[in-house]
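Below: one structure, written as structure tokens.
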Amino acid sequence: ETSSALNNIMKVKISPNPFTEVLDIVFSEEIKDKIKVKIFDLMGRLVFKDDLPIKSEHNINLNSIKDSQYIIRLDSENKYYQTKIIKRKN
């Protein structure tokens, strides 16, 4: 059943991508519980994690991680979103 699998994916926009320091995360659906953010390097190592409060817009400062490609994963109680992000200087 493919429709239920799609229902598990959050409606979210992550921008800019590539980014230099700050990533904007904007949810286009109601957020009912905390969202866990994890960022992994391409070797699968966790380089950043945080819990987002229950609101629809967030800014995450990622000054502490080096310029590279990463996988960002957002997890709530029953939904998730995952995509590749690129950090680089202007």
Looking at residues at least two apart in the chain, or sitting in another chain, which of them share a side chain to side chain donor-acceptor pair (under 3.5 Å) with [X]?
| X | value |
| --- | --- |
| K84 | Q69 |
| N17 | none |
| E57 | none |

> Does the side chain to side chain contact (heavy atoms under 4.5 Å, CB included) test come out yes or no for I85 and I39, once each step is laid out?
Replying inline: CA-CA 9 Å; I85 54 172; I39 298 177; 4.2 Å; yes

For [X], check salt bridge (charged side-chain N to carboxylate O under 4.0 Å, His left out) against everything at least two apart and list the hits.
| X | result |
| --- | --- |
| K89 | D67 |
| K79 | E29 |
| R88 | none |
| K36 | D51 |

>> Considering only residues two or more places apart or on different chains, which pairs with a residue in residues 8-19 satisfy salt bridge (Lys or Arg N to Asp or Glu O under 4.0 Å)?
In response: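 For residues 8-19: none.
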
Measuring from [X]:[atom1] to [Y]:[atom2], what's the distance to the nearest 0.5 Å?
| X | Y | atom1 | atom2 | result |
| --- | --- | --- | --- | --- |
| Q82 | D75 | CD | CG | 8.5 Å |
| L46 | F40 | CG | CZ | 5.0 Å |
| I60 | I14 | CD1 | CD1 | 8.0 Å |
| K38 | K49 | NZ | NZ | 6.0 Å |

> Are I35 and Y80 connected in the hydrophobic side-chain network, where two residues link if heavy atoms are under 4.5 Å apart?
Replying inline: yes

> Do K34 side-chain atoms and I54 backbone N/O form a donor-acceptor pair below 3.5 Å?
Replying inline: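 Judged by distance alone, no pair lies under 3.5 Å.
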
>> I need the minimum non-hydrogen distance between I31 and D33, along with the two atoms involved.
In response: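 In this case the closest contact between I31 and D33 is CG2-O, 3.3 Å.
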
> Taking all atoms of both residues into account, what is the closest heavy-atom pair of Y81 and M10, and its distance?
Replying inline: CD1-O, 3.7 Å

>> For a 4.5 angstrom cut-off between non-hydrogen side-chain atoms, does I65 reach Y70?
In response: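 I65 vs Y70: side chains touch.
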
> Any side-chain heavy atom of L74 sitting closer than 4.5 Å to one from V12?
Replying inline: yes

N/O donor-acceptor pairs under 3.5 Å from side chains in residues 20-27, not counting sequence neighbours:
| unit_1 | atom_1 | unit_2 | atom_2 | d |
| --- | --- | --- | --- | --- |
| D24 | OD1 | N59 | ND2 | 2.4 |

>> Checking I72 against F48 for the side chain to side chain contact (heavy atoms under 4.5 Å, CB included) test, could you report, in this order, the C-alpha distance in whole Å, the side-chain angles of both residues, the deciding distance, and whether it holds?
In response: CA-CA 9 Å; I72 184 168; F48 177 89; over 6 Å; no

